[in-house]
Amino acid sequence: MTSLRIALRYLFSRKRHNAVNVISWISVAGVAVATAAIVCVLSVFNGFSKLAFSRLSEVDPDIKIVPASGKIFDSSDSLASQLATLPEFESAQPVIEEKALAIYGGRQMPVTIKGVADNYAAVSDIAGTIIDGEWLSTTGDYPCATLSVGVALSLNARPGYYDLLRLYAPRRIGRVNTANPMNAFRSDSLIVSAVYEIDQSEYDADKVIVPLASARKLLDYTDEATAIELKLAPGVTTRQGMDAAGDIVGESGIVMNRLMQQAESFRMISVEKWITFLMLAFILVIASFNVLSIMSMLIIEKKDNIATLMALGATPAMIRRIFMLEGWLISLLGGAVGLILGIALCFIQQHWGLIKLGGDPSQLSVSVYPVQLQFGDLVAVALIVTATGLLIGLIAGGMSKPRKEMLRNED
């Protein structure tokens, strides 16, 4: 306790040399700025993660079931009908997702087609994301396709009867005639009825939504599906729905909630977040080592005090402990100021949105940097500051030992 009181006195008392005072507060400011930067950057990653999660509800089903092995469910229609009878679900729809080649008006591009049933709107709110045209499954004798905005721009396609969208996929059944390579592909023609935009690259880049019958015809399927998408009944939790679906599909399928459906995207955000945290933590460590220069100057300045303390009976261990605590307190002070500053900046950004995103606001789904403070992040930052301060303190305590020996020699 005596060592701590002396260290606190050294921390807040005015030094004889003004340069020591200035450099001391510069060191504290360096640690504070690095700490605040970590808090702000982690909060921005949290904000983007929350924003991405909020977008999932627009198109992703409440629950999705995919095959545990292989690519398709056999007899998917009967499985969907069986799931739809459960009280936990409002609707169950088989869907097909596969790669294909799209050609429109002389332009072509690889796309991902998604075959859905006529009443797919009961599972997903994809119809609410339409920016041009109308959600239709058929018009006249032709099935209809809904394009993502990326496909529409790449193919220069728009809703209407301007041209037909032609889809090509390799034949799954039968022999390939090498004399006629086009015979190796199945094709279908559709009318473009709508264009949607979700502001997420994985959905907006290359998706084409077509009727389930068209997808099955194109891919030589009968009642197969690559997934079953489910809509929860009102009042049913996701956990209850997953348990009920799991009882039906057993080990033949994998039941996924919305977060699990986008596990790769959120894993990428998490990896980027913690790699950035490690980089900023390294900067914090570098900033904290500035404290060592202050400690060496402080030890020189307090040489007379050290001699007095030793004359009064202070042990070498106590002298080392004083300067260890001094170095730790400087780092902790900077860290505490940085935490408060970071929290304040995040609070201001969250409520007033002072820092804007670059680009045309009319083309952005969010115009300001989203932020969200999380208690776990603050604990992680506090721990790294505390550990770094302790390391600095231990080094500073060791630096006081030669001074003590020098004083003995002078005596």
Side-chain angles (χ1 to χ4, degrees), residues 42-69 71-73 80 83 88-99 110-116 120-131 146-151 196-209 225-232 236-246 249 253-277 357 364-366 369-372 374 376-377:
L42 294 184
S43 297
V44 169
F45 273 103
N46 295 336
F48 278 113
S49 181
K50 180 182 178 181
L51 178 64
F53 186 78
S54 67
R55 300 287 182 185
L56 299 182
S57 61
E58 296 184 3
V59 292
D60 286 338
D62 294 330
I63 293 176
K64 184 176 183 179
I65 306 174
V66 297
S69 62
K71 194 173 184 179
I72 59 173
F73 283 114
L83 289 166
E88 287 84 1
F89 303 115
E90 193 174 282
S91 179
Q93 304 285 339
V95 299
I96 294 176
E97 290 193 60
E98 189 54 89
K99 299 292 184 180
V111 297
T112 300
I113 63 170
K114 183 171 184 176
V116 300
Y120 183 66
V123 173
S124 172
D125 191 29
I126 187 67
T129 65
I130 300 297
I131 59 174
T146 298
L147 310 182
S148 66
V149 65
V151 175
Y196 75 86
E197 184 176 15
I198 305 174
D199 292 320
Q200 287 182 267
S201 59
E202 62 267 30
Y203 293 101
D204 291 342
D206 65 346
K207 290 291 181 69
V208 176
I209 301 177
T226 58
I228 307 293
E229 297 187 355
L230 306 168
K231 173 73 172 179
L232 292 173
V236 178
T237 65
T238 301
R239 184 72 264 169
Q240 291 172 335
M242 292 179 68
D243 291 340
V249 299
I254 300 174
V255 182
M256 301 185 296
N257 57 24
R258 285 193 175 121
L259 188 59
M260 295 168 64
Q261 293 170 43
Q262 296 298 321
E264 290 299 325
S265 298
F266 285 97
R267 186 178 298 113
M268 184 63 66
I269 294 176
S270 179
V271 168
E272 291 177 352
K273 171 183 174 179
W274 292 111
I275 288 178
T276 304
F277 170 77
L357 286 167
L364 300 174
S365 59
V366 58
Y369 277 98
V371 296
Q372 183 186 31
Q374 290 186 359
D377 293 344

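Note that the coordinates shown come from a computational prediction; the quantities given were computed from them, not determined experimentally.
- From L147, atom CG reaches atom CD1 of I130 across 9.5 Å, with rounding to the nearest 0.5 Å.
- The shortest distance between side-chain heavy atoms of T146 and I126 does not fall below 4.5 Å.
- Residues forming a side-chain hydrogen bond (donor to acceptor under 3.5 Å, both in side chains) with S69 (at least two apart in sequence, or on another chain): none.
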Test side chain to side chain contact (heavy atoms under 4.5 Å, CB included) on I65 and F73; report intermediate values, then the result.
CA-CA 10 Å; I65 306 174; F73 283 114; 3.7 Å; yes
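- Atom OG1 in T237 sits 11.0 Å away from atom CG in N257 (nearest 0.5 Å).
- For A244, the side chain to side chain contact (heavy atoms under 4.5 Å, CB included) partners are L86, E88, F89, not counting sequence neighbours.
- Between A92 and L230, the shortest heavy-atom contact is CB-CD2, 3.2 Å.
- Nearest heavy-atom pair, T226 versus I96, reported as atom, atom and distance to 0.1 Å: OG1-CA, 3.3 Å.
- In this structure, K99 NZ and I113 CD1 are separated by 10.5 Å, a value rounded to the nearest 0.5 Å.
- Not counting sequence neighbours, the partners of S148 by the side chain to side chain contact (heavy atoms under 4.5 Å, CB included) test are V151, Y196, K207.
- The side chain to side chain contact (heavy atoms under 4.5 Å, CB included) test applied to D62 returns K231, L232, R258, not counting sequence neighbours.
- With sequence neighbours excluded, no residue forms a side-chain hydrogen bond (donor to acceptor under 3.5 Å, both in side chains) with Y369.
- Under the side-chain hydrogen bond (donor to acceptor under 3.5 Å, both in side chains) criterion, Q372 pairs with no residue at all, not counting sequence neighbours.
- Judged as a side chain to side chain contact (heavy atoms under 4.5 Å, CB included), and not counting sequence neighbours, the contacts of M268 are E272.
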Using side chain to side chain contact (heavy atoms under 4.5 Å, CB included), reason through K273 and N46 one step at a time and then give a plain yes or no.
CA-CA 8 Å; K273 171 183 174 179; N46 295 336; 2.6 Å; yes
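- Contact between I254 and P67 at its shortest, heavy atoms only, is CD1-O, 4.3 Å.
- Taken from CD in Q261 to CD1 in I63, the straight-line distance is 9.0 Å, to the nearest 0.5 Å.
- Under the rule for a side-chain hydrogen bond (donor to acceptor under 3.5 Å, both in side chains), E90 has no partner lying at least two apart in sequence or in another chain.
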Could you please spell out the steps behind the side chain to side chain contact (heavy atoms under 4.5 Å, CB included) verdict for F277 and D377?
CA-CA 10 Å; F277 170 77; D377 293 344; over 6 Å; no
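- Counting only heavy atoms from C-beta outward, the side chains of F45 and T276 approach each other to under 4.5 Å.
- Taking the side chain as every heavy atom from C-beta outward, E97 and V66 never approach each other to under 4.5 Å.
- Residues V123 and P61 share a closest heavy-atom pair of CG1-CB, 3.7 Å.
- Looking at residues two or more places apart in sequence or on another chain, you find no salt bridge (charged side-chain N to carboxylate O under 4.0 Å, His left out) involving D204.
- A distance of 9.0 Å separates CE of M242 from CE of M256, quoted to the nearest 0.5 Å.
- For M260 against V255, the heavy-atom pair with the smallest separation is CE-O, 3.5 Å.
- Of all heavy-atom pairs spanning L83 and A245, the tightest one is CD2-CA, 4.1 Å.
- Under the 4.5 Å side-chain criterion, counting only non-hydrogen atoms from C-beta, V116 is not in contact with Q93.
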